[in-house]
Amino acid sequence: MAPSKIADFAGEAAAADAAVMSDYSPAKRIGLVAALVLRAQTQARDDTTEMFCRRVSTLTKRAREELEALKAAHEQITERLVAAYRSVLEQIDPAGQAAAREQAALEAARAAVERAGGFAAQYRDIDAVTAHHGNNQPCPSTLSHTCSGST
């Protein structure tokens with residue numbers, strides 16, 4: 001049956017009251033009610049789909065905002081780690097000023113790490129960055145605090 005015909009029958013059934021429906025033959029009554037039920041089911045599916053799309057849109061927007069916040073936080077951690085690493089490199093560089101006194105260079109490197117928050121804080125920052133490093137795969141080595149996994 002053509003969709004336009006079903007829509008016409010459904011409209012006719014919706015407009016009719018019990019007295020009008022009793023005037024129709026049983027076959028026509030069943031046809032009109034079936035068309036009305038079909039239209040109600042179709043409308044219910046459409047409404048459900050629209051609600052689902054709106055909900056997914058809301059969740060997607062929230063997830064996008066959370067991702068941006070994570071990116072910003074990781075960017076700050078990365079900048080802090082790069083600055084700390086540069087400070088360490090400056091202290092242990094063989095061509096640098098600290099190279100003449102190896103022990104002093106090691107102590108200066110340790111002091112630079114402490115100024116950057118300490119070893120524990122640096123390990124936490126590194127673990128936080130590597131947790132989402134390489135296609136969101138966690139760092140395979142959590143005991144040594146170094147990541148030799150995918151980049």
Side-chain angles (χ1 to χ4, degrees), residues 1-17 21 30-151:
M1 186 177 279
S4 61
K5 196 67 155 167
I6 293 173
D8 289 344
F9 283 166
E12 186 177 339
D17 59 8
M21 290 294 275
I30 291 172
L32 291 174
V33 171
L36 184 62
V37 168
L38 181 63
R39 185 174 77 174
Q41 287 176 337
T42 302
Q43 186 63 45
R45 277 193 301 268
D46 289 348
D47 291 346
T48 302
T49 302
E50 185 176 335
M51 287 188 307
F52 176 75
C53 288
R54 286 181 183 172
R55 181 67 178 151
V56 167
S57 175
T58 301
L59 291 174
T60 302
K61 181 180 177 184
R62 186 179 310 144
R64 194 173 289 126
E65 290 169 354
E66 288 177 13
L67 178 62
E68 289 302 318
L70 279 174
K71 283 182 180 179
H74 284 166
E75 185 176 319
Q76 290 175 352
I77 291 171
T78 302
E79 289 175 7
R80 198 169 57 241
L81 287 172
V82 167
Y85 185 60
R86 180 177 180 81
S87 177
V88 169
L89 286 179
E90 289 171 351
Q91 298 301 318
I92 61 174
D93 183 4
Q97 296 174 352
R101 296 169 285 140
E102 225 174 274
Q103 185 63 28
L106 180 58
E107 289 174 12
R110 286 183 177 147
V113 171
E114 290 301 324
R115 281 193 307 273
F119 285 94
Q122 293 293 297
Y123 286 140
R124 274 194 311 274
D125 287 348
I126 290 170
D127 289 343
V129 169
T130 58
H132 298 285
H133 189 35
N135 201 13
N136 285 339
Q137 295 177 1
C139 181
S141 174
T142 57
L143 295 176
S144 66
H145 299 287
T146 59
C147 187
S148 59
S150 61
T151 55

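Hydrogens, waters and symmetry mates play no part in the numbers below; they use all other heavy atoms, side chains included.
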Has the side chain of Gln122 got a donor or acceptor atom that lies under 3.5 Å from a matching backbone atom of Ala116?
yes
So CG of Asp8 and CG of Leu32: to nearest 0.5 Å the spacing works out to 10.5 Å
Qualifying residues under side chain to side chain contact (heavy atoms under 4.5 Å, CB included), relative to Arg80, sequence neighbours excluded
Ile77, Asp125
The criterion is side chain to side chain contact (heavy atoms under 4.5 Å, CB included); which residues satisfy it with Ala83, sequence neighbours excluded?
none
Could you list the residues that satisfy salt bridge (Lys or Arg N to Asp or Glu O under 4.0 Å) with Glu79, not counting sequence neighbours?
none
I want to check something: taking the side chain as every heavy atom from C-beta on, are Arg39 and Phe9 in contact at a cut-off of under 4.5 Å?
no
Keeping to residues at least two apart or across chains, list the side chain to side chain donor-acceptor pair (under 3.5 Å) pairs with something in residues 55-72.
none
Going by side chain to side chain donor-acceptor pair (under 3.5 Å), name the residues that satisfy it together with Asp47, two or more places apart in sequence or in a different chain.
Gln43
Distance, nearest 0.5 Å, that separates NE2 of His74 from CG of Leu67
10.0 Å
Is the shortest side-chain heavy-atom distance between Leu36 and Glu12 below 4.5 Å?
no
Would you please name every residue forming a side chain to side chain contact (heavy atoms under 4.5 Å, CB included) with Asp17, sequence neighbours left out?
Ala19, Val20
Taking every non-hydrogen atom, the tightest pair across Gly117 and Ala121:
O-CB, 3.2 Å
Gap separating the CG atom of Leu81 from the CD atom of Gln76, nearest 0.5 angstrom:
12.0 Å
